[in-house]
Amino acid sequence: METRFKSIGIAGSGFYVPKKVLTNFDLEKIVDTTDNWIRTRTGVRERRIADDNEATSDLAVKAARKALEDARISPQEINLIIVATLSPDYLFPSTACLVQDKLGIKDAWAFDIEAACSAFIYALSVAEAFIKSDTCKTALVIGAEVFSRIVNWKDRNTCVLMGDGAGAVVLREVENGKGILSTHLGADGSRAHLLKQPAGGSRLPATEETVRQGLHYFKMQGNEVFKLAVRIMSESVITALKKGSLSNKDIDLIIPHQANIRILNAMAKKLSLPMEKFMVNLDKYGNTTAASIPIALDEASKQGRIKEGDIVVLVAFGAGLTWGATVIRW
Ligand code: UT7
């Protein structure tokens with residue numbers, strides 16, 4: 001059988017965020033916090049919150065339609081759908097199957113990936129491998145979250161950080177030399193306790209008692225996670241660049257997971273890069289978990305911040321722990 005080197009890249013992108021805006025001033029009325037604390041400690045000014053009747057697949061479909069339009073392809077050209085999420089509509093069936101049905105796609109297989117805030121990078125890498133191996137031709141990769149449903153709105157340590165949204169890309173073969181050049185992925189389960197949703201799984205099924213204790217809400221040891229995020233995301237960028245025989249001097253734009261502006265400032269220092277090389281939109285959307293990178297990617301592309309031939313690095317870090325970086329020639 002003839003083997004041919006294939007370049008796999010992003011043929012189109014799109015994002016969707018719910019209409020409802022929750023500002024820091026709105027949060028001042030809910031918990032003991034201030035706009036000043038949230039802005040200076042995180043960089044977030046406002047975030048979007050899904051309507052009561054909106055679930056993750058609804059946001060995912062809206063982002064996906066935009067990505068399909070941007071790539072100028074019909075839904076029927078999609079053979080693989082991956083949804084990166086940790087706030088799926090249901091534990092099963094997968095959100096990807098619900099998306100498939102809503103888009104009316106007949107001839108595709110579909111599944112979710114759960115790797116928290118790194119899930120979009122993981123999903124991109126999995127889809128790339130399937131296309132490279134001729135298992136499929138065109139993939140729809142979506143990061144989508146309605147994280148607000150697992151946030152404790154009485155806990156100021158966490159509720160000010162998060163937002164809802166979805167971003168999507170169409171991945172397929174592109175012109176040789178363009179597209180994904182290299183990827184670095186990692187995980188460290190020994191630090192699983194740092195970010196978790198304690199109840200609702202097989203370890204601690206949901207009961208009246210777990211709900212009473214608020215164990216179905218997301219918990220995080222923020223300080224510890226902060227330090228690890230800076231170090232590991234910076235190392236991940238360098239490792240992925242090295243794999244592609246590039247260095248930090250080659251970077252035109254970094255599109256990082258949007259968790260905290262202070263994490264991005266510290267990364268810029270570590271990587272000796274000016275902040276202008278970082279795409280930042282966390283002020284408008286907060287941390288949208290697996291959706292944050294595809295949302296930022298689409299915004300950067302539509303704002304004209306990425307030119308043909310540019311080296312773009314996506315980098316994420318999150319619960320698991322998980323992390324990953326992908327280097328793309330646009
Ligand atoms: O997406 C996955 C990856 N996640 C992340 O990367 C998040 C990483 N962590 C962070 O971004 C930061 O650690 C946080 C934003 C979560 C917290 O910032 P921090 O600078 O690490 O604050 P802290 O937790 O050390 O808290 C400092 C103080 C505490 O008060 P005391 O004990 O010093 O009196 C907190 O109680 O700030 C207090 N505090 C708040 N005050 C007003 C915590 N949250 C708030 C709040 N408003 N919302």
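Read the numbers this way: they start at 1 and go in the same order the structure lists the ligands and their atoms.
- Partner of Tyr285 under the side-chain contact (heavy atoms from CB on, under 4.5 Å) criterion, chosen from Val21, Val17, Val44: Val17.
- A donor and an acceptor atom, one from each side chain of Asn176 and Ser7, are located under 3.5 Å apart.
- Near Ala259, meaning under 4.0 Å from one of its heavy atoms, ligand 1 places the atoms 5 (C), 6 (O).
- Between Glu224 and Arg191, no side-chain nitrogen of the basic residue sits less than 4.0 Å from a carboxylate oxygen of the acidic one, so the salt-bridge criterion is not met.
- Between Glu69 and Lys66, none of the side-chain N atoms (NZ, or NE/NH1/NH2) sits under 4.0 Å from a carboxylate O, so this pair counts as no salt bridge.
- The part of Thr42 lying near ligand 1 is the side chain, judged by heavy-atom distances below 4.0 Å.
- Neither the backbone nor the side chain of Thr289 has any atom closer than 4.0 Å to an atom of ligand 1 (non-hydrogen atoms only).
- Ranking the protein heavy atoms by distance from atom 8 (C) of ligand 1 puts Gly222 O, 3.6 Å first.
- An N or O contact shorter than 3.5 Å is missing between Thr34 and ligand 1 by distance.
- Of the protein's heavy atoms, at least one falls inside 4.0 Å of atom 13 (O) of ligand 1.
- Applying the 4.0 Å criterion to heavy atoms of Asn260 picks out, from ligand 1, the atoms 10 (C), 11 (O), 12 (C), 15 (C).
- Below 4.0 Å from some heavy atom of Cys117 lie the following atoms of ligand 1, by number and element: 1 (O), 2 (C).
- Salt bridge absent: Arg305 and Asp310 never bring a charged side-chain N and a carboxylate O closer than 4.0 Å.
- Heavy atoms of other residues, nucleotides or ligands lying less than 6.0 angstrom from CD of Gln76 number more than 12.
- Residue contacts with ligand 1 for Ile263 involve side-chain atoms from C-beta outward but no N, CA, C or O (heavy atoms, distance under 4.0 Å).
- Of the charged side-chain nitrogens involved, at least one lies within less than 4.0 Å of a carboxylate oxygen, so that Glu128 and Lys132 count as a salt-bridged pair.
- A donor-acceptor pair is defined here as one N or O able to donate and one able to accept, closer than 3.5 Å; such a pair exists between the side chain of Gln197 and the backbone of His216.
- For atom 46 (C) of ligand 1, the nearest protein heavy atom is under 4.0 Å away.
- Nearest protein neighbour of atom 23 (P) of ligand 1, counting heavy atoms only, is Asn223 ND2, 3.7 Å.
- In this structure, atom 18 (O) of ligand 1 lies nearest to the protein heavy atom Arg262 NH2, 3.5 Å.
- Less than 4.0 angstrom separates some heavy atom of Asn157 from each of these atoms of ligand 1: 43 (C), 44 (N).
- For Lys302, the NZ atom counts as densely surrounded, since its 6.0 Å shell holds more than 12 non-hydrogen atoms of other residues, nucleotides or ligands.
- With ligand atoms numbered from 1 in the order given, ligand 1 contributes 20 (O) to contacts under 4.0 Å with heavy atoms of Arg41.
- Per-atom contact check: atom 32 (O) of ligand 1 does not touch the protein, criterion being a heavy-atom distance below 4.0 Å.
- For the ligand labelled ligand 1, residue Leu161 lies inside the 4.0 Å heavy-atom shell.
- A donor-acceptor distance shorter than 3.5 angstrom exists from the side chain of Thr95 to the backbone of Asp89, with no hydrogens or angles considered.
- The protein reaches atom 20 (O) of ligand 1 closely, with a heavy atom under 4.0 angstrom from it.
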Between Thr23 and Asp26, is the side chain to side chain donor-acceptor pair (under 3.5 Å) condition met? List the steps.
CA-CA 5 Å; Thr23 67; Asp26 296 326; 3.1 Å; yes
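- By the definition of a contact as any protein heavy atom under 4.0 Å away, atom 36 (O) of ligand 1 is in contact.
- Nearest residue to atom 40 (C) of ligand 1 from Trp37, Phe317, Phe218 is Trp37 (criterion: closest heavy atom).
- Side chain of Arg156 to main chain of Thr33: no donor-acceptor pair is present (N/O by atom type, distance under 3.5 Å, no hydrogens or angles).
- Ligand 1 has a nitrogen or oxygen under 3.5 angstrom from a nitrogen or oxygen of Arg156.
- Residue Val225 approaches ligand 1 through these ligand atoms, each under 4.0 Å from one of its heavy atoms: 3 (C), 4 (N), 5 (C), 6 (O), 8 (C).
- The single protein non-hydrogen atom nearest to atom 1 (O) of ligand 1 is Asn287 ND2, 2.7 Å, given as residue, atom name and distance.
- Residue Val160 approaches ligand 1 through these ligand atoms, each under 4.0 Å from one of its heavy atoms: 48 (N).
- Counted by atom type alone, Ser148 and Asp164 present one or more donor-acceptor pairs between their side chains at under 3.5 Å.
- Side chain of Asp112 to main chain of Ser94: no donor-acceptor pair is present (N/O by atom type, distance under 3.5 Å, no hydrogens or angles).
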